[in-house]
Amino acid sequence: MKIQRTLAFTKRALMQFRHDRRTLAFVLVMPLLMMLVFGYAFGGDPTGLDIAIVNLDTGVTTPIGTNISFAESIIDNLDDETYVLHYYDNREGAKADLQEAELWAVFYFPADFSTNLFASFAMNGTETSTIEVDIDDSNPNLAASIMQGLQEALMETQEDITTELGLPEDTPPISIQTTNEYGDTQDIEFIDYFAPGIVSYSIMMVTVMISIILFVGERREGTLQRLLVSPASETEIVVGYALAFGVIGLIQSVVILSAAILIFDVNIAGSIFLALFVVILLAIGHQGLGILLSSAANNELQAIQFIPLIVFPSVLLAGLFWPVESIPSFLQPLAYFIPLKYGIDAERSIMLRGWGIAEVWPEITILILFAILTLTASILLLKRRK
Amino acid sequence: MNVIETSDICKNYGDLKAVNNLNLSVSQGEVYGLLGPNGSGKTTAIKLLTGLILSTSGTATVLGHKIPSKSVLNDIGYMPQETAIYLDNTVHENILLFGEIYGLTRDQIAEREVELLDFVELSERRDSIASTLSGGMKHRLSLACAMIHRPKLLFLDEPTVGVDPELRATFWEYFEEMARDNITVLITTHYMDEASHCSRVGLMRSGQLIAEDEPERLKASTGTASLEDAFLALARRDVE
C-alpha cells in the first residue's frame with residue numbers, strides 16, 4: 001500500500017465536498033439540526049430499569065402482635081414495568097454493580113426502617129425512617145424517572161399505612177436520602193444525556209448515506225472500473241476513502257459538540273479527544289458498511305432504500321433514546337449486533353461518567369473490530385472478479 | 001512480439017456466450033478497431049483484456065503478461081464507456097488524482113497536465129468543476145486521464161458514443177497521433193464508418209470474430225463500398 005496513492009483518494013473525496021456545497025451543508029447542518037430538534041423536543045417514559053434492592057429491614061411488631069415490614073410494602077408498590085428488581089444482601093455489592101453500570105440505582109432499607117417508621121407514625125416518635133438511594137445520574141431522564149417511581153410507591157404505602165392504622169392525614173412523609181454516583185443530578189439535564197447519542201447517531205447516518213451514494217456513483221460513472229484497471233490497490237482505495245470519512249466525522253463532531261456546549265451548556269466530564277476518537281472509529285466502520293451496501297444497489301435510488309434499514313434499528317434499538325434494558329427482552333439481543341450501540345455507550349461513559357480508556361476499552365475494541373471487519377470485507381468485495 | 005494476444009478466450013454468462021473463442025493479435029503501434037453492433041461482445045472483450053472480469057476459458061497475454069496481472073496495469077490506459085471522471089472535482093483535480101495513482105511526482109503531473117490539456121483543448125477549463133463541462137469536454141477529460149502516465153497500450157471502449165461528428169473527427173486525429181508515437185490503441189465502436197481510421201479492424205458478432213483485416217481489404221474482399229456493407233455481407237455469410 002502506497003501512502004501517496006492512498007492519500008490521493010482521501011484528498012479527492014475531501015475536494016469533492018469542498019466543491020459540492022450542498023453536500024457539505026448536509027454533512028454539517030444535518031447533525032446540528034438533529035441535535036436541536038431532538039434536544040428540544042424529545043421526552044419519554046423509560047421502562048425495565050435494573051434496580052438493586054438491599055432490604056435489611058427486620059420489620060416491627062405491632063401492639064396486636066403481628067410483624068409488619070414497611071420496606072416490603074414499599075417494594076411491593078414499586079411499579080413492575082418501570083423497574084426490574086435485583087435483590088442484594090449488602091449495599092457494597094450492589095454499589096459495586098452500580099459502578100460497573102449494571103444497575104441504575106440501589107434502594108437501601110436499613111434494619112430499623114420499620115421500627116423507626118412505626119415509632120414516628122404511631123407514637124409520634126422523633127426517629128426518622130430513611131431510604132438511602134444510590135443512583136447512576138449519568139442519564140438524568142432515567143434518574144428522575146427512578147426517583148419519581150420511588151416517590152409514588154412511598155406515597156401509596158404511606159396512604160395504606162395511614163388508612164390501616166387510622167393515622168392523621170398530615171403524618172410526616174418517609175424521607176429519601178440520595179447519593180448521586182456521578183455528581184449532582186440537578187446539574188445534568190436530559191440534553192447532557194442526549195448529546196453523546198446524537199453525536200454518534202449523526203456521524204453514523206451521514207457516513208453510511210454518503211458512502212453508499214459515493215460508491216454507487218463510482219460504479220455507475222465508471223470511475224471504479226477505471227481505478228481497478230490502475231495500479232491503485234483495492235486496499236489503497238478503501239483506506240483512502242476511510243481516512244476522508246474519518247476527517248469528515250471529526251469535523252462533524254467538532255461542530256455538534258461545539259453546539260452542544262455553547263447552546264445547551266452540555267457537560268463533558270471525560271476526555272474530549274477520546275470522545276472524538278470513538279467518533280472517528282464509528283465513521284470509518286460505517287464507511288466500510290456503506291461500501292458493502294453500495295454493491296447491492298445499481299443506482300442512487302436503490303441506494304437510499306437501505307437508509308431506513310440502517311436508521312430504524314439504530315434509532316430504536318441502539319440505546320439512543322432509551323436504554324437497551326428497557327426494550328422488549330426478545331429484541332434486546334439484536335441491540336448487541338448494532339455497532340452504534342457501542343459508540344453511544346462509549347460516548348456516554350466518556351462524556352457523562354468521565355470514564356477513560358481503562359473503562360471504555362471493550363466498546364472501543366468492538367468498534368475497532370467492526371471497522372476492520374467492514375473495511376476488509378469492502379476490500380475483498382472490490383477484489384472480487386467475476 | 002504482439003502487444004495483445006488471445007487464445008480461444010471465452011466468457012459465458014450462464015447460457016450466454018458473451019465472448020466465444022476470440023483469437024486476437026494486435027502488434028505495437030496499431031490502432032485496432034473492434035467493430036460490431038451493440039451486444040456483440042466488444043466491451044466484454046475489453047474487460048477480459050484489462051482483467052476487470054475473468055475468462056471462462058482460454059488465455060490472454062497483454063504486453064507480455066498473462067491476464068489478469070497487476071504488473072501490466074502501470075503500462076495500460078483505460079477509458080470506459082462511461083465518462084469515468086469525478087464530476088464533483090475540477091479538471092485539474094481529476095488529472096492530479098490519476099497522476100498520483102500512477103505514481104507521478106508533482107512536477108511530472110504539472111508538466112503532463114499542460115501537455116494533455118493542450119492536447120484535448122481543455123487548458124482554459126483547468127479549474128472548472130467537471131460537471132459543468134459539456135458532454136464532449138467530459139469525454140476529452142476522460143481521455144486525458146487515461147493518458148496521464150504515457151501508457152504503452154490504450155483500451156478505449158466506445159470513446160465516440162454521444163460525441164458530435166466534429167469531436168469524433170478530432171478524437172480520431174488523437175488516436176492516429178498516438179499510433180505515430182508508437183502507442184498501441186484498441187478501440188471499440190459500433191460506428192462502422194469511423195473504423196476506416198483504424199489500421200486493422202476485427203468484426204464481432206455474437207461474441208465471435210467473424211473477420212479481421214485492414215478496412216480497405218475488408219471492403220475489397222466483400223465487394224462493398226463501406227465497412228457497414230462489408231459487415232452486413234460478412235454477417236450474412238456467417239449465418240449461412
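Here is how names work: the chains are called A, B, and so on, in the same order as the sequence lines, proteins then strands, and each is numbered from 1.
- For chain A, the nearby parts of B/Thr90 are the backbone and the side chain; heavy atoms of each come within less than 4.5 Å.
- Atom NZ of A/Lys11 is surrounded by more than 12 heavy atoms from other residues, nucleotides or ligands within 6.0 Å.
- Using a cutoff of 4.0 Å between basic side-chain nitrogens and carboxylate oxygens, A/Lys2 and A/Glu236 are not scored as salt-bridged.
- For chain A, no part of B/Ile148 is nearby; none of its heavy atoms comes within less than 4.5 Å.
- The pair B/Lys42-B/Glu158 counts as a salt bridge, with a side-chain nitrogen and a carboxylate oxygen less than 4.0 angstrom apart.
- Residue B/Ser142 touches chain A through both its backbone and its side chain, counting heavy-atom pairs closer than 4.5 Å.
- Side chain to side chain, A/Glu218 and B/Tyr86 meet the donor-acceptor criterion of an N or O pair below 3.5 Å.
- Contacts of residues 2-15 of chain B with chain A at a heavy-atom distance below 4.5 Å involve B/Lys11, listed in sequence order.
- Chain A forms more heavy-atom pairs under 4.5 Å with one residue of B/Val72, B/Ile129, B/Leu96 than with any other, namely B/Ile129.
- Between A/Leu375 atom CG and A/Leu373 atom CG the span is 9.0 Å, to the nearest 0.5 Å.
- Applying the side chain to side chain donor-acceptor pair (under 3.5 Å) test between A/Gln16 and each of A/Arg18, A/Arg12, A/His19 identifies A/Arg12 as the sole match.
- Heavy-atom pairs under 4.5 Å with chain A were tallied for B/Glu93, B/Lys70, B/Lys47; the largest tally goes to B/Glu93.
- Minimum interatomic distance between B/Phe175 and B/Val185 (heavy atoms only, all atoms of both residues): O-CG2, 4.5 Å.
- Nearest heavy-atom pair, B/Pro37 versus B/Met204, reported as atom, atom and distance to 0.1 Å: CD-O, 3.7 Å.
- Closest of all the heavy-atom pairs between B/Pro159 and B/Thr188 is CD-O, 3.6 Å.
- Chain A forms the most heavy-atom pairs under 4.5 Å with one residue out of B/Asn89, B/Leu97, B/Asn94, and that residue is B/Asn89.
- For chain A, the nearby parts of B/Ile85 are the backbone and the side chain; heavy atoms of each come within less than 4.5 Å.
- Interatomic distance, A/Arg384 CZ to A/Ile379 CD1, rounded to the nearest 0.5 Å: 15.0 Å.
- Closest of all the heavy-atom pairs between A/Gly222 and B/Glu82 is CA-OE1, 3.9 Å.
- If you measure heavy-atom distances from A/Leu224 to chain B, you find no contacts under 4.5 Å at all.
- Heavy atoms of A/Phe17 lying under 4.5 Å from chain B are absent altogether.
- Of the listed residues (A/Ser230, A/Ala8, A/Pro231), the one with the most heavy-atom contacts under 4.5 Å to chain B is A/Pro231.
- Side-chain polar atoms of B/Thr189 and B/Glu194 form a donor-acceptor pair below 3.5 angstrom.
- Heavy-atom proximity under 4.5 angstrom to chain B picks out nothing from residues 275-286 of chain A.
- Checked against the 6.0 Å centroid threshold, A/Tyr241 and A/Phe215 count as a close aromatic pair.
- Note that B/Arg140 lies outside the cation-pi zone of B/Phe119, set by a 6.0 Å cut-off to the ring centre and a 45° limit from the axis.
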